[in-house]
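See below for the structure under consideration.
Just the heavy atoms: all of them, side chains too, but no hydrogens, waters or symmetry mates, feed the values below.
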Amino acid sequence: MIAALGSELREPRPLSAPGLEGEAPSVEARDFSFWYGARQVLHHIALAIRPRAVTAIIGPSGCGKSTFLRSVNRLNDLIPGVRHQGDIMVHGQSVYGSGVDLVTLRQRIGMVFQRPNPFPKSIFDNVAYGPRLNALARRSELPDLVERCLRQAALWDEVKDRLNAPATGLSGGQQQRLCIARALGNNPGILLMDEPCSALDPIATQRIEELMFELRKTYTIVIVTHNMQQAARVSDDTGFFHLGELVEFGPTDRIFTSPREERTEAYITGRFG
């Protein structure tokens with residue numbers, strides 16, 4: 001199966017590609033551990049995520065993938081009784097540092113969830129919501145901003161004639177792309193995607209994957225996925241989590257064709273997970 005998955009890999013970007021060599025990581029976990037109450041779910045995670053690349057986090061259910069993702073923009077803080085050790089750096093600054101403004105942090109780090117969650121507003125107002133709330137654009141600038149974000153999300157041509165229609169009337173795949181456009185409206189540098197295609201059909205999934213190829217030219221993308229074929233198709237780097245540990249992290253082509261850890265090979269070949 002490793003060879004079969006490897007055959008789906010696109011040509012990897014060389015490390016010397018513009019924007020990769022010599023740049024500091026967009027996200028860096030430094031000996032990061034995390035607890036829900038007394039239950040430890042992440043153990044000493046250490047990794048560095050490259051700028052303007054797609055990084056996939058794979059692993060079986062309950063291994064800590066989503067917990068790690070939500071730690072990057074501190075969404076886990078909304079859960080009572082959580083605590084952490086170590087640190088996560090975003091563009092060289094600690095997300096747990098004193099004086100961190102969580103609103104600003106979550107503006108800089110967009111989040112796309114497993115199931116599309118458009119606001120019960122119009123298509124236009126969904127995308128304009130963040131820029132209005134955060135005073136990122138004047139009222140006169142909003143139409144151009146909404147169009148730009150919808151174009152980036154490959155949705156403009158499908159909705160340009162019904163921007164005032166309810167967003168909930170869109171198909172599931174369109175709603176997910178709208179949620180991506182909504183995240184882009186806040187002008188983030190990083191996009192976190194928590195299994196963004198798990199509730200979508202194959203055609204909608206393909207559209208989201210194609211969109212990731214385009215967005216990686218501008219944004220750093222971290223995607224949690226159970227779909228190993230998807231990870232092989234869309235990502236530059238892959239991290240394998242198991243029982244709250246980061247077992248292996250590296251270029252996707254190597255992880256899927258010649259993993260260094262036995263547990264990684266066992267998971268990829270379907271022997272467990």
Side-chain angles (χ1 to χ4, degrees), residues 8-14 17-20 23 25-27 49-58 69-70 72-73 90-91 105-118 123 126-131 136-137 144-160 167 170 172-200 202-225 227 229-239 251-252:
E8 296 195 33
L9 293 168
R10 53 181 168 73
E11 187 69 22
R13 287 195 294 171
L20 291 181
E23 286 196 52
S26 287
V27 179
I49 291 173
R50 297 189 286 161
R52 292 183 294 283
V54 178
T55 298
I57 304 298
I58 63 172
L69 198 71
R70 291 164 181 257
V72 176
N73 65 353
V90 170
H91 300 308
L105 177 70
R106 292 166 187 160
Q107 173 189 324
R108 294 169 55 203
I109 306 172
M111 186 83 179
V112 179
F113 296 93
Q114 182 174 1
R115 292 189 176 275
N117 59 341
I123 295 169
N126 264 266
V127 182
Y129 182 83
L136 299 177
D144 287 342
L145 184 148
V146 168
E147 178 178 347
R148 173 175 58 81
C149 293
L150 288 170
R151 286 189 182 278
Q152 284 183 291
L155 190 58
W156 173 254
D157 288 339
E158 299 171 42
V159 302
K160 60 184 179 182
L170 298 174
Q174 289 174 325
Q175 287 185 16
Q176 193 66 301
R177 281 182 283 146
L178 178 64
C179 291
I180 293 172
R182 187 177 67 197
L184 297 179
N186 280 319
N187 194 28
I190 298 168
L191 278 178
L192 309 177
M193 298 186 170
D194 193 357
E195 298 190 57
C197 301
S198 63
L200 304 181
I203 294 176
T205 294
Q206 182 179 357
R207 294 296 299 274
I208 298 294
E209 291 181 2
E210 291 171 350
L211 177 56
M212 280 190 272
F213 277 115
E214 291 300 314
L215 292 176
R216 67 197 265 274
K217 298 174 183 176
T218 305
Y219 304 94
T220 300
I221 299 174
V222 187
I223 177 174
V224 162
T225 180
N227 187 325
Q229 286 81 7
Q230 181 176 74
R233 286 192 299 266
V234 305
S235 68
D236 299 281
D237 300 308
T238 296
T252 294

Min side-chain heavy-atom separation Ile49-Asp237 under 4.5 Å: no
Pairwise distance CG(Leu184) to CG(Leu178) - rounded to 0.5 angstrom: 10.5 Å
Under 3.5 Å donor-acceptor, Arg106 side chain and Asn73 backbone: yes
Check: Leu191 and Thr220 side chains under 4.5 Å, non-hydrogen atoms: no
Heavy-atom side-chain contact between Thr218 and Arg52 under 4.5 Å: no
Full working for side-chain contact (heavy atoms from CB on, under 4.5 Å) between Arg50 and Thr55: CA-CA 8 Å; Arg50 297 189 286 161; Thr55 298; 5.8 Å; no
Glu158 and Arg177 ion-paired at < 4.0 Å: yes
Side chain to side chain, Phe213 and Val54, heavy atoms closer than 4.5 Å: no
Between CD1 on residue Ile208 and CG on residue Leu200, distance to nearest 0.5 Å: 6.0 Å
Results of side-chain contact (heavy atoms from CB on, under 4.5 Å) for Gln206 - residues two or more places apart only: Glu210
Side-chain donor/acceptor of Glu195 to backbone N/O of Val224, under 3.5 Å: no
pair Thr225-Ile57: side-chain heavy atoms closer than 4.5 Å: no
Tyr129, OH atom: more than 12 neighbouring heavy atoms under 6.0 Å: no
Salt bridge (Lys or Arg N to Asp or Glu O under 4.0 Å) against Arg108, all qualifying residues, sequence neighbours excluded: none
Glu147/Lys160 under side-chain contact (heavy atoms from CB on, under 4.5 Å): CA gap, chis, key distance, verdict: CA-CA 8 Å; Glu147 178 178 347; Lys160 60 184 179 182; over 6 Å; no
Check: Gln114 and Pro196 side chains under 4.5 Å, non-hydrogen atoms: no
Point-to-point distance, once rounded to the nearest 0.5 Å, from CD of Glu214 to CZ of Arg151: 13.5 Å
From CA spacing to verdict: side-chain contact (heavy atoms from CB on, under 4.5 Å), Asn117, Cys179: CA-CA 7 Å; Asn117 59 341; Cys179 291; 3.4 Å; yes
Heavy-atom side-chain proximity of Asn186 to Pro131 below 4.5 angstrom: yes
Separation of Ser235 OG from Met212 CE (nearest 0.5 Å): 9.0 Å
Contact check, side chains of Ile109 and Leu192, non-hydrogen atoms, under 4.5 Å: yes
From Pro116, Pro118, Cys197, residue fulfilling side-chain contact (heavy atoms from CB on, under 4.5 Å) relative to Gln176: Pro116
Distance (rounded to the nearest 0.5 Å) between Leu150 CG and Arg182 CZ: 12.0 Å
Gap separating the OH atom of Tyr219 from the CD atom of Gln152, nearest 0.5 angstrom: 4.0 Å
